[in-house]
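Report on one structure; see the data block that follows.
Letters A, B, ... are given to chains in the order of the sequence lines, protein chains preceding strands, and every chain is numbered from 1. Just so you know, these numbers use all the heavy atoms, side chains as well, and skip hydrogens, waters and symmetry mates. In this text, all values refer to a predicted model and were calculated from it rather than measured experimentally.
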Amino acid sequence: MTEKRQSHHMVALRVNEQLGTKRKYSIIHKVSNPRILALWIMLMLIFSAQIYDYMDDEYKERRKEVLVSMCDQRARMLQDQFGVSVNHVHALAILVSTFHYLKNPSAIDQETFAEYTARTAFERPLLSGVAYAERVVNSEREEFEKQHGWTIRTMEREPSPTKDEYAPVIFSQETVSYIESLDMMSGEEDGENILRARITGKAVLTSPFRLLGSHHLGVVLTFPVYKSNLPPNPTVKDRIKSTAGYLGGAFDIESLVENLLGQLAGNQAIVVTVYDITNYSDPLIMYGHQSQEGDMSLTHVSRLDFGDPFRKHEMMCRYLQKAPPSWTALTTAFFVFVIGFLVGYMIYGAAIHIVKVEDDFHKMQKLKVRAEAADVAKSQFLATVSHEIRTPMNGILGMLALLLDTELSSPQRDYAQTAQACGKSLITLINEVLDRAKIEAGKLELEAVPFDLRSILDDVLSLFSEKCRNKGIELAVFVSDKVPEIVIGDPGRFRQVITNLVGNSVKFTERGHIFVQVHLAEQAKAMMDVRTEKCLNGVSECLGQSSGHQFQTLSGYQAADDRNSWDTFKHLITDDDFRYDAASKAMNDNTHQNVTLMLCVEDTGIGIPEHAQKRVFTPFMQADSSTSRHYGGTGIGLSISKCLVELMGGHINFISRLHVGSTFLFTVDFQRCEKNAVGDLKKTVSDDLPMAFKGLKAIVFDGKPVRAAVTRYHLNRLGIQVEAVRSMTAISASDKNVSLVSKTERLPDLILVEKDSWISGKDDGVNLQLSDWRKNGHSYKLPKMILLATNITSSELDKAKAADFADTVIMKPLRASMVAACLQQALGMGRKPQHNVCKSTFLRSLLCSKKILVVDDNIVNRRVAAGALKKFGADVECAKSGEEALKWLELPHSFDACFMDIQMPEMDGFEATRRIRQMESIANEQINGGCTIEGIARNGVWHMPILAMTADVIHATLDKCLKCGMDGYVSKPFEEENLYQAVAKFFESKPVSDSLQDSQTRGTELF
Amino acid sequence: MLGFGAERLRAYMNRLLALLFHQGVLDEQFLQLQQLQDESSPNFVSEVVNIYFHESEKLLRNLRGLLLDREFSDFKKMGSHLNQFMGSSSSIGAQRVRNVCVAFRAASEQSNRAGCMRALELLECEYCYLKNKLHELFQIEQQRILAAAVRYPPVQHPINNP
């Protein structure tokens, strides 16, 4: 429980760590987002305000320009019209002077003048009327009054007081007829005007004042009319003197300007004011109001020149209405702001979204980590619990076993047996669950140890051989030659996968075969590809092949994977020498390379229905529920196999057809073993196959090439050359023709016949053959006849014995070691166990009651060595160091031999041996040939056999041993054979049988 | 039907042994060792193995002590310890322990202290596993003998072990 909590804690820690690291990369900080948005909005506000300002300025500028141009235009027009009027008045003045003074009598009278002026009034649009006033000196007043019949009156329409001179109006336009007889000089403005006009001789203007008739504001224009005798460059006096009268016109500026402006009125109303600024400090309004109406902010002043240099005028314009706000600027600015705001808001929204998504992501990640942790915890829990369950289960099973041993009544026994069976299946299940949990928890670690693949496959086969034999299924294994003998990987797990697959196959197969193949993946793949292509190209060929009643498979039953039949297989085992070259080259390039193996377990069982194929690798899923009822099992095996295969760097899949069979294919990665190491390892890793069969020749009769290839593979492993023949008639026919059996040719040592081929009744050929050979004088060594059978009835067996298969029947499935044992028996070589028995008895006879000293610093080794020697009856003393050994061996001593460890601290084996030999030579010299003491003193010389014990069996060590005076060595740890070989040299006193001698020499050779 | 339990136990023992063999924990040498056990030395295997445990624990302690020493440099001494360990392991057939020893020795020859540390941990682990398994094995064997004794009440050498 604490462990659990701890692990949970750890997981939590990990979660935190992960989250800690993940948090960092979040660019957008959640908190600052609204601030950034506000800032952005402010920015946009300022920006749009600036845009508004800019546009507004432009608008004002344009407005001002418009005002300027309008003002100037009005001023110019007013001036022009004024000028035209002045010119006309000038012309009138000339008319008056011409027709009134130069003509005598005067051609003009009031009537004429009035008519003329009325008819030419259009020429003077600005003048309300014109009038002519004659200059009358006081002396001439009475005469003048008499002539005209009225008295001169002042402006106030009273008879004029006496003055120096007068200027009574004599002619007047009808519009101003009311001023006739009025003295112009009496008016302040007019008088002044008259004086100025006659001095300058030009048109002069009054300052604005209220006109008499209309009471409109106006100015009076006055022209002097001179008598004709004016000198060319007149002085002021001359001008006054010659002045005849004055022509005046009243400009009703107010109405006239209004009229003018009415003509020009555009879309924009402007306020126009005309000033007389002769006296600059006090401008007089000529037109317009002094009031502050209109837009005072913007005014324009234009100069007016009405032709009177004394008087100065100007026109001031301004808009009547205040400048309306600039709508374009306003809307533009507004839209810019809105767009900016929207953009900002969108970015803000996106940021918020990102933050949200990120948050969600973190949350999910947290959840994921938690889920993973939970998964791991689950697996750990499973592993722990399974383990905890297993322990008591073992107890239960053990107790049940004990219970079954006691005396029970038969129902009791039945119950107990049922309980035991259930318990066993439960523990298998638990083991499997544990395996799976371990794999899932990642606790399962693969080993990397060298192992012999072939022997493992043989082992698996032997596991199922009994079952298969009972069911009558053929079970075979074939390993390609290209697969290295020793590979590095996890043999246990590999074996588990194979066992599971083969076990499944055995479970679900009632007839036919189960065939395990191992090839190099690349090789197999290439061949499969070729084959598939062929199949695709020539469908008919494939169909033709599979429609035949006998399939070219191991047993002749159809297999699920059509590609896997003999056609492919043939290629795999024969036709790829070039490929092999390439492969071996690659192998040389990199000796410690990975090797990928392709394994294939083919059966002809019930197959997997299509709808179930998808979930075959799912734990606890079987093809359907009825399957488990029929065949038992939990369905976890395949999922474990899949996990294991994937752990081993491969993948697994299968092809299955209902009622035809299934073929499971999987690949695994192993490492190649280094070349030089193979030799050493082979000894330890693989069960040694006897090499006695090397060079033998065998003929295999088998109608089925695949099966023949399997047989050949096993025999090849034993070093036997194999020739496979399809049928016996074929070989006997060929034998007769070809000189296969000529006297010089060596006969085959073995003839292996498949039972099927034999049963089919073509055995006459073989018999013929044998008799043939006998006749030809081969009788001294006839080939041994061996029958291969999957299952055989006793009657068949008898029959076989009656026929020439007296020698041996080998029961399938074939395994190299089993074949070897059978062959040994058949060939009369004697089997290994016998061998061993012989040897150990012989050893016993050799070592019995011999006194032997074992020197080793390692107590365990010492104990083992002593035990081994004691077993053979030797009397053993032990020494734990070189020094102690020397003490024991001080002459004279009674030891017959000494086993000396080489590697010892302080004094090693070599040194100790040297000392012993030294002692011996001294003693020998002293004795000088005399043999006084009993012991192993050959020829009267002390020489005790010293055998080195060493773990490394290199030749250099051996040489060194011999050099320093040892007599031989045994490898450590003790092996009987080895011990026997070493010891046999020295204790030859007792008789040795021939066979043993033989085997000994052979053993030595092998070594 | 008699002797069924003993047979069961024997089968179980064989399974355990087979497992150990497949795992590579033990090798043939262990079988050799078992063969050395006979009537004259009925407890030979367990005796040897117990010596082995005793020695190995001493060696492991020493190795750990050496490695934990701060100014440690005596790889030679460690090598000799390892040789001992290796020798005894191969004598009883403890293959995996021996293999780890080989690796350990290689590391110590290269004066690779970290490698030594790792190897030592692995070694302790392997050793523990081996020890547990062998204990289990001996326990079963005892049970087997017990069962055998139950089977034949009139035994010549009665075993007093309850």
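With a 4.5 Å cut-off on non-hydrogen atoms, B:Phe21 does not touch chain A at all. Only the side chain of A:Arg495 comes within contact range of chain B, with at least one heavy atom under 4.5 Å from a heavy atom of that chain. Using a 4.5 Å cut-off between heavy atoms, A:Asp857 touches chain B through backbone and side chain atoms alike.
Scanning residues 48-55 of chain B against chain A with a 4.5 Å non-hydrogen threshold yields B:Val48, B:Ile51, B:Tyr52, B:Glu55, sorted by number.
Residue A:Asp856 holds its CG atom at 7.0 Å from OG of B:Ser91, rounded to the nearest 0.5 Å.
Partners of B:Arg105 by side-chain hydrogen bond (donor to acceptor under 3.5 Å, both in side chains), not counting sequence neighbours, listed by chain and number: B:Asn83.
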